[in-house]
Amino acid sequence: MENVDLHCHSRASDGLLAPAEIVLRAQGLGVTTLALTDHDDTSGLEEATEAAHEARIRFVPGVEISVTWKGTTIHVVGLGIDAGDPLLAEGLKRVRGGRTRRAARIAEALAGAGIPGSLEGAMTYVKNPDLISRTHFARFLVESGYARDVGSVFRNYLVSGKPGYVPHHWSELGDALKWIRSAGGIAVLAHPARYNFTREELHRFLAEFSDYGGLGIEVMTPNHTPQECAMYVALAREFGMLASRGSDFHGPGESRVELGAIPQLPDGLKPVWKEL
Ligand code: AMP
Ligand code: MN
Ligand code: MN
Ligand code: MN
């Protein structure tokens with residue numbers, strides 16, 4: 001049976017496993033098509049491509065780009081990208097630079113809240129020196145006993161209104177879409193229910209996303225409740241968008257849902273992987 005997973009992370013961003021380990025794990029779990037979509041970075045794709053070739057599973061090179069749209073952080077997944085595209089590579093490099101600068105500000109904010117040394121602490125979890133994420137801070141805070149798991153670090157420290165939160169401006173929506181298209185990829189809106197949009201905002205966003213050439217929407221994701229999945233299934237039909245499916249797997253123990261362990265797409269949708 002076909003099992004397509006088009007969203008997951010390796011330690012090239014904030015995942016726990018090496019790219020080849022992700023591929024082998026996916027194969028062992030019966031995934032037939034896998035996309036690796038690290039945050040703002042493509043350095044894991046070569047290793048994953050080789051591993052997938054040997055493991056004989058279909059591999060789709062991807063990336064998950066951080067965007068700021070009207071003050072909200074949005075994640076856009078690019079699928080079937082050419083990582084060597086200079087426009088994409090330069091754009092992502094800029095976004096990673098912003099991450100590094102943000103990390104220093106997060107550490108200052110945490111120090112102000114009585115938690116010293118968090119940048120050095122987070123760095124011990126960073127495997128790609130070019131890519132630091134809140135997840136790395138979260139792992140350090142758990143290790144240091146400030147919280148019992150990564151989820152509670154986010155709830156208590158790293159989100160808006162909490163002591164370790166700092167606002168940040170990511171890339172522009174139009175730029176991210178330009179990079180993905182320049183690299184020959186298909187842009188998919190990741191976990192749409194995460195943004196707490198009103199219906200009106202969501203429609204406005206999707207109209208803009210389509211204008212910039214965005215084609216897909218992730219409907220099956222563990223970030224959604226079954227009701228939310230149903231709502232985005234309806235929306236994908238209404239807007240005639242391509243539909244995607246992804247586990248957003250980050251690592252054993254940290255992710256509740258395994259690679260490929262998400263519901264199949266319902267009938268009547270256009271699967272994005274048929275276009276890749
Ligand atoms: P960043 O892009 O550095 O701001 O970090 C965002 C990442 O943090 C996401 O990709 C998730 O991996 C992780 N994350 C965000 N919110 C949560 C949460 N509530 N619980 C656990 N991990 C989260
Ligand atoms: Mn992540
Ligand atoms: Mn995301
Ligand atoms: Mn993700």
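What you see is a predicted model, and the numbers here were worked out from it, not measured in a lab. We count residues from 1, following the sequence as given. Start at 1 and go down the list; that is how both ligands and their atoms are numbered.
The ligand atoms of ligand 1 that sit less than 4.0 angstrom from a heavy atom of H39 are 10 (O). Near T135, meaning under 4.0 Å from one of its heavy atoms, ligand 1 places the atoms 7 (C), 8 (O), 12 (O), 13 (C). In the vicinity of D14, heavy-atom distances shorter than 4.0 Å reach the ligand 1 atoms 7 (C), 10 (O), 12 (O). Of all atoms in ligand 1, numbered sequentially from 1 with element shown, those under 4.0 Å from a heavy atom of S133 are 3 (O), 5 (O). Of all atoms in ligand 1, listed by their number and element, those nearer than 4.0 Å to a heavy atom of R102 are 1 (P), 3 (O), 4 (O).
Side-chain contact between T73 and Y195 is absent, with no heavy-atom pair separated by less than 4.5 Å.
Residue contact check for ligand 1: R99 places a non-hydrogen atom closer than 4.0 Å to it. Note on ligand 1: G151 sits in its first shell, one or more heavy atoms being nearer than 4.0 Å. Contact between H9 and ligand 1 is absent, with no heavy atom of the residue lying under 4.0 Å from the ligand.
Looking only at distances, a side-chain donor or acceptor of K270 sits under 3.5 Å from a matching main-chain atom of G240.
The protein atom (non-hydrogen) at minimum distance from atom 8 (O) of ligand 1 is F154 CZ, 3.1 Å.
Counting heavy atoms only, R134 comes closest to atom 5 (O) of ligand 1 of the residues H75, R134, E64.
If you check the side chains of D14 and H250, you find a donor sitting under 3.5 Å from an acceptor. No hydrogens or angles considered: nothing links the side chains of R194 and H75 as a donor-acceptor pair under 3.5 Å. Side-chain atoms of D85 and S182 form a donor-acceptor pair, as typed in the model, at a separation below 3.5 Å. In summary, the side chains of D5 and S247 do present a donor paired with an acceptor at a separation below 3.5 Å, with no hydrogens or angles considered. Side-chain atoms of E143 and Y125 include a donor-acceptor pair closer than 3.5 Å.
In this structure, E238 pairs ionically with R199, as a charged nitrogen and a carboxylate oxygen lie closer than 4.0 Å. E258 has a carboxylate O that lies under 4.0 Å from a charged side-chain N of R25, or vice versa, which qualifies the two as a salt bridge. Using a 4.0 Å cut-off between charged side-chain N and carboxylate O, R139 and E254 make a salt bridge. R204 has a carboxylate O that lies under 4.0 Å from a charged side-chain N of E200, or vice versa, which qualifies the two as a salt bridge.
Residue L259 is found in a hydrophobic cluster whose other members, listed by chain and number, are L17, I22, V23, L29, V31, L34, I57, F249; membership requires side-chain heavy atoms under 4.5 Å apart, directly or through intermediates.
For the Mn ion (ligand 4), the set of protein N/O/S atoms nearer than 2.8 Å consists of H7 NE2, H9 NE2, E64 OE1, D248 OD1, ordered by chain and number.
The shortest N or O to N or O distance between R194 and ligand 1 is not below 3.5 Å. Considering both main-chain and side-chain atoms, H250 comes within under 3.5 Å of ligand 1 through a nitrogen or oxygen pair.
If you look at D14 and ask which of its N, O or S atoms sits nearest the Mn ion (ligand 2), the answer is OD2.
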